[in-house]
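Every chain is numbered from 1 and lettered A, B, ... according to where its sequence line falls, protein lines coming before strand lines. Quick caveat: nothing in here was measured; it's all calculated off a predicted structure.
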Amino acid sequence: DVVMTQSPLSLPVTLGQPASISCRSSQSLVHSDGNTYLNWFQQRPGQSPRRLIYKVSNRDSGVPDRFSGSGSGTDFTLKISRVEAEDVGVYYCMQGTHWPLWTFGQGTKVEIK
Amino acid sequence: QVQLVQSGAEVKKPGASVSVSCKASGYTFTNYYMHWVRQAPGQGLEWMGIINPSGGTTTYAQNFQGRVTMTRDTSTSTVYMELSSLRSEDTALYYCTRDQGDYWGQGTLVTVSS
């Protein structure tokens, strides 16, 4: 089974400063169709998860451009260029390459210092 | 607009079964697989399985094999997740989500307590 490992698990950030979350998979996430199905989700307190990024680097509609995704193969990164108060929550990476099985990372809790 | 609306909270005794529904609207129901994901209190997201609303075929996570059943009713665009032999560790929020996670239900809290 694919294991997704995020770091750090806790990320205190000063408002207006950048933040970066790493996600590593135990197997390559490159699908036979050439796509890499690595998604990022944000879960604000008391809310359902919300997809921010799909296929490594594509922002979903309505997602602020301060969020960006990058990476390839087994190493991926979510970056927030300037953290705002509304960005507080837990962020998860998820692989959908080894479909139909999904695997989530453990989650990274972003909080304001 | 796409919506996934789940059934309300449930309280069950250990050993019982629970069924959670997820009604889809705003898109062609049979065109998108549906996943179920759960989240225990204060914990991360755990994938439970997937159903093809078109043919009804399913794949379940190994952790839930033998205890979970996912079904669908195409006449009402609804998918169902039934979990049996409930134990206290099954206390969690249960979410339905469309394939690749672009839309999620609001979550259904299932509490297992004697």
For this session: With a 4.5 Å heavy-atom cut-off (strictly below), which parts of residues 106-114 of chain B touch chain A? List them by number.
Result: B:Gln106, B:Gly107

Show every donor-acceptor pair shorter than 3.5 Å between a side-chain atom in residues 93-103 of chain A and any protein atom, with sequence neighbours excluded, or say none if there are none.
residue, atom, partner, partner atom, Å
A:Gln95, OE1, A:Thr97, N, 2.9
A:Gln95, OE1, A:His98, N, 2.9
A:Gln95, NE2, A:Leu101, O, 3.1
A:Gln95, NE2, A:Thr103, OG1, 3.1
A:Thr97, OG1, A:Leu29, O, 2.6
A:Thr97, OG1, A:Tyr37, N, 3.1
A:His98, NE2, A:Ser28, O, 3.1
A:Trp99, NE1, B:Asp99, OD1, 3.2
A:Trp99, NE1, B:Asp99, OD2, 3.3
A:Trp102, NE1, B:His35, NE2, 3.4
A:Thr103, OG1, A:Val2, O, 3.4

For this session: Say whether B:Tyr32 and B:Met34 are linked into one hydrophobic cluster, either directly or through other cluster members, by side-chain heavy-atom distances under 4.5 angstrom.
Result: yes

Exercise. Who among B:Ala61, B:Gly44, B:Gly49 has the most heavy-atom pairs with chain A under 4.5 Å?
Worked result: B:Gly44

For this session: Kindly give the heavy-atom pair with the smallest separation between B:Gln100 and A:Phe41, and that separation in Å.
Result: O-CZ, 4.2 Å

Exercise. Got a sec: does the CG of B:Asn31 have more than 12 other heavy atoms crowding it under 6.0 Å?
Worked result: yes

For this session: Side chain from CB out, backbone as N, CA, C, O: work out which of these in B:Gln43 comes under 4.5 Å of a heavy atom of chain A, or both, or neither.
Result: backbone

Exercise. Considering residues, nucleotides and ligands other than B:Gln65, do more than 12 of their heavy atoms fall under 6.0 Å from its CD?
Worked result: yes

Seminar exercise, completed: So, the part of B:Ile50 with a heavy atom under 4.5 Å from chain A: the answer is side chain

Exercise. Taking non-hydrogen atoms and a cut-off under 4.5 angstrom, which of residues 44-77 of chain A neighbour chain B?
Worked result: A:Gln47, A:Ser48, A:Pro49, A:Arg51

Exercise. Under 3.5 Å, side chain of A:Asn39 to main-chain N/O of B:Gly101, donor-acceptor pair present?
Worked result: no

For this session: Against chain A, label B:Tyr33 side chain, backbone, both or neither, depending on which of its atoms sit under 4.5 Å from a heavy atom there.
Result: side chain

Exercise. Among residues 3-23 of chain A, which ones touch chain B with a heavy-atom distance under 4.5 Å?
Worked result: none

Problem set entry | Same cluster (ILVMFWY, side-chain, under 4.5 Å), B:Val37 and B:Ile51 | no

